[in-house]
Amino acid sequence: MRIATWNINSVRLRLDNVLRWLKESTPDLVCLQELKCQTDQFPKQAFEDAGYNCAVHGQKAWNGVAILSRFPIEDTHTNLPGDSQDEQSRYIEALVSTKDGVLRVASLYLPNGNPVAEKYPYKLAWMDRLIQHARERLLLEEPFILAGDYNVIPSAEDVHNPAGWVEDALFKIETRQKFNELLNLGFTEALRATTDQAGLYSFWDYQAGAWQRNLGLRIDHLLLSPQAANRLSGARIDKYVRAWEKPSDHVPVLADLEIEAR
DNA sequence: ATGGCCAACCCCGTTGGA
């Protein structure tokens, strides 16, 4: 079973890219972020024609998350508990049934948090809500994958110029501490479980020739519950799609688990 | 990491992204 996360920065504009990548990388589950469309504008038919069921939580203009699944989707939840006033579409969770039993997967789009003076409190509060929710989900002892755009650079090896990022909401010490708090509940970060190589990035800014100069960040992650981590067999980043025409500024991050696909 | 971008919306300049 192959699972991926990808911030696609507009699903409608990126549809051809995503369909091409689905054919080439053959994931069974895909967590998408930054759909930038309402739920009823999501190109559901195109993904169904490609063999995927869809769980979608859209929003006008910004945010929006979805899960594509080759497995039947048994149940979905949108919104992260803990703030009934929060109207941003940044979380969707689905329970899917595989040949080996149920698997729980979440697609999340964690707030960026910049500028810090204005938006950082929302980011930290959102992370606290995520930690609380994840803690409850782990009690179920299911294979559970928390995948998405975390807007968190976990360590200095994950950014081209760490010194320049220490005050940024993606790399501030409080951000990394909260990410570690989440990991320490018992999650395994899929890519880091397979390699300690520095300079593996999942995002390159459109500005300032960041892609051409390889000035990237690793901010998209797959967190695995113990029941999922026990079956991890590999992880990788599909960096090559960043060189395609009309690319997203993020690329897919993937993990392979020894779970029967169907 | 800010000289250089990109997307949605309708206001075709403004807002948001990272």
Side-chain angles (χ1 to χ4, degrees), chain A residues 5-19 21 31-43 56-66 86-91 107-127 130 147-176 178-179 191 198-221 237 239 241-253:
Chain A
T5 182
W6 192 5
N7 177 322
I8 45 169
N9 186 17
S10 170
V11 69
R12 290 176 294 175
L13 205 71
R14 220 70 63 203
L15 183 59
D16 290 345
N17 279 21
V18 178
L19 291 172
W21 172 79
C31 298
L32 300 175
Q33 301 87 35
E34 278 210 88
L35 306 178
K36 292 189 169 178
C37 70
Q38 288 168 306
T39 301
D40 61 9
Q41 297 173 314
F42 185 83
V56 183
H57 184 37
Q59 182 177 339
K60 189 173 181 175
W62 301 297
N63 303 323
V65 285
D86 187 356
E87 291 182 345
Q88 300 193 34
S89 298
R90 294 179 174 275
Y91 189 88
S107 177
L108 66 93
Y109 179 38
L110 207 148
N112 175 295
N114 285 310
V116 169
E118 204 184 315
K119 295 184 175 172
Y120 198 50
Y122 175 64
K123 177 177 191 151
L124 291 180
W126 208 95
M127 293 182 89
L130 181 62
D149 177 356
Y150 279 77
N151 275 311
V152 173
I153 300 165
S155 61
E157 291 73 39
D158 301 314
V159 51
H160 56 92
N161 172 26
W165 287 80
V166 290
E167 297 304 320
D168 192 281
L170 278 64
F171 193 55
K172 277 174 75 71
I173 191 71
E174 296 92 331
T175 305
R176 287 184 277 155
K178 287 236 185 278
F179 186 68
L191 192 85
L200 298 174
Y201 303 137
S202 65
F203 166 89
W204 294 261
D205 201 304
Y206 290 120
Q207 297 187 66
W211 166 245
Q212 290 76 8
R213 297 157 63 201
N214 195 32
L215 305 180
L217 310 173
R218 195 172 70 89
I219 53 176
D220 300 272
H221 312 296
I237 298 178
K239 181 177 177 177
V241 303
R242 187 63 177 77
W244 285 359
E245 290 291 308
K246 300 286 285 176
S248 168
D249 39 7
H250 297 248
V251 298
V253 181

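Scope of the values below: all heavy atoms of this structure, side chains included, with no hydrogens, waters or symmetry mates. Note on naming: letters A, B, ... go to the chains in the order of the sequence lines (proteins, then strands), and numbering restarts at 1 for each one.
Regarding A/L170, its CG atom lies at a distance of 11 Å from the P atom of B/dG17, rounded to whole Å. The nearest whole Å value for the distance from the NZ atom in A/K60 to the C1' atom in B/dT14 is 15 Å. Following rounding to the nearest Å, A/K246 (NZ) and B/dA7 (C1') show an atom-to-atom distance of 8 Å. Taking atom CD of residue A/E118 and atom C1' of nucleotide B/dG17, one finds them 13 Å apart after rounding to whole Å. Taking atom CD of residue A/E34 and atom C1' of nucleotide B/dC5, one finds them 14 Å apart after rounding to whole Å. Following rounding to the nearest Å, A/K172 (NZ) and B/dA18 (P) show an atom-to-atom distance of 18 Å. Distance, A/N214 CG to B/dA1 C1': 14 Å, rounded to whole Å. Distance CD (A/Q207) to P (B/dA1): 12 Å, rounded to an integer number of Å.
With A/Q33 contributing its side chain and A/C31 its backbone, the two residues share a donor-acceptor pair below 3.5 Å. A/K123 places a side-chain N or O within 3.5 Å of a backbone atom of A/N112 that can act as its donor or acceptor partner. For the pair A/R218 (side chain) and A/G199 (backbone), a donor-acceptor distance under 3.5 Å is absent. Listed for the A/S202 side chain is a donor-acceptor partner under 3.5 Å among the backbone atoms of A/I219. For the pair A/Y206 (side chain) and A/D249 (backbone), a donor-acceptor distance under 3.5 Å is present. Side-chain atoms of A/T5 never come within 3.5 Å of backbone atoms of A/V253 as a donor-acceptor pair (strictly under, hydrogens ignored).
The side chain of A/A61 lies closest to B/dA8 when the candidates are B/dA18, B/dA8, B/dC6. In the set B/dC9, B/dA1, B/dG16, B/dG16 carries the atom at the smallest distance from any side-chain atom of A/K36. Listed nucleotides: B/dG4, B/dA7, B/dA18. Nearest to the side chain of A/N114: B/dA18. Out of B/dA18, B/dA1, B/dA7, the shortest distance to the side chain of A/L13 is found at B/dA7.
A/K119 has no side-chain polar atom (N or O) that falls below the 4.0 Å cut-off from OP1 or OP2 of B/dA18. Neither OP1 nor OP2 of B/dC6 sits under 4.0 Å from any side-chain N or O of A/S10. Residue A/H250 places at least one side-chain N or O under 4.0 Å from the OP1 or OP2 atom of B/dA18. Side-chain N/O atoms of A/N9 include none lying less than 4.0 angstrom from OP1 or OP2 on B/dA18. For the OP1/OP2 pair of B/dG16 and a distance below 4.0 Å, the side-chain nitrogens and oxygens of A/Y109 include no atom meeting the criterion.
If A/R90 and A/Q41 are placed on DNA chain B by their nearest nucleotide, the residue sitting closer to the 5' end is A/Q41. The residue among A/I219 and A/W204 whose nearest nucleotide of DNA chain B is located toward the 5' end is A/W204.
As judged by a 4.0 angstrom heavy-atom cut-off over every strand, A/R213 is placed among the base-contacting residues. Among the heavy atoms of the strands, none lies under 4.0 Å from A/R218. Residue-level contact check: A/N63 touches neither bases nor backbone, having no heavy atom under 4.0 Å from any strand. Residue contacts shown for A/N161 are limited to sugar-phosphate atoms, with no base heavy atom under 4.0 Å away. Contact annotation for A/K123: no contact, since no heavy-atom pair falls under 4.0 Å across all strands. Here A/A208 lies in heavy-atom contact (under 4.0 Å) with a base.
Counting non-hydrogen atoms of other residues, nucleotides and ligands closer than 6.0 Å to CG of A/D16 gives a total of 12 or fewer.
Spacing of P atoms, B/dA7 relative to B/dT2, comes out at 23 Å, to the nearest Å. For the P atoms, the distance from B/dA8 to B/dG3 is 26 Å, rounded to whole Å. As rounded to the nearest Å, B/dC11 and B/dG16 have C1' atoms that lie 16 Å from one another. Look at the P atom in both B/dG17 and B/dC12: the space between them is 22 Å, to the nearest Å. The C1' atoms of B/dA18 and B/dC5 are separated by 12 Å, rounded to the nearest whole Å.
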Before you tell me yes or no, could you show the steps for A/H250 and A/N9 under side chain to side chain contact (heavy atoms under 4.5 Å, CB included), namely the whole-Å CA-CA distance, both residues' side-chain angles and the distance that decides it to 0.1 Å?
CA-CA 8 Å; A/H250 297 248; A/N9 186 17; 5.8 Å; no
Determine, stepwise, if the pair A/W21 / A/W244 fulfils ring-ring contact (aromatic ring centres under 6.0 Å, His included).
CA-CA 10 Å; A/W21 172 79; A/W244 285 359; 8.7 Å; no
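Using a 4.0 Å cut-off on heavy atoms, the residues of residues 147-160 of chain A that approach DNA chain B are A/D149, A/N151, A/H160, listed by number.
Remark: the A/N63 side chain and the A/Q88 side chain contain an N/O donor-acceptor pair separated by less than 3.5 Å.
Counting distance only, with no hydrogens placed and no angle test, the side-chain atoms of A/D168 and the base atoms of B/dA18 include no donor-acceptor pair under 3.5 Å.
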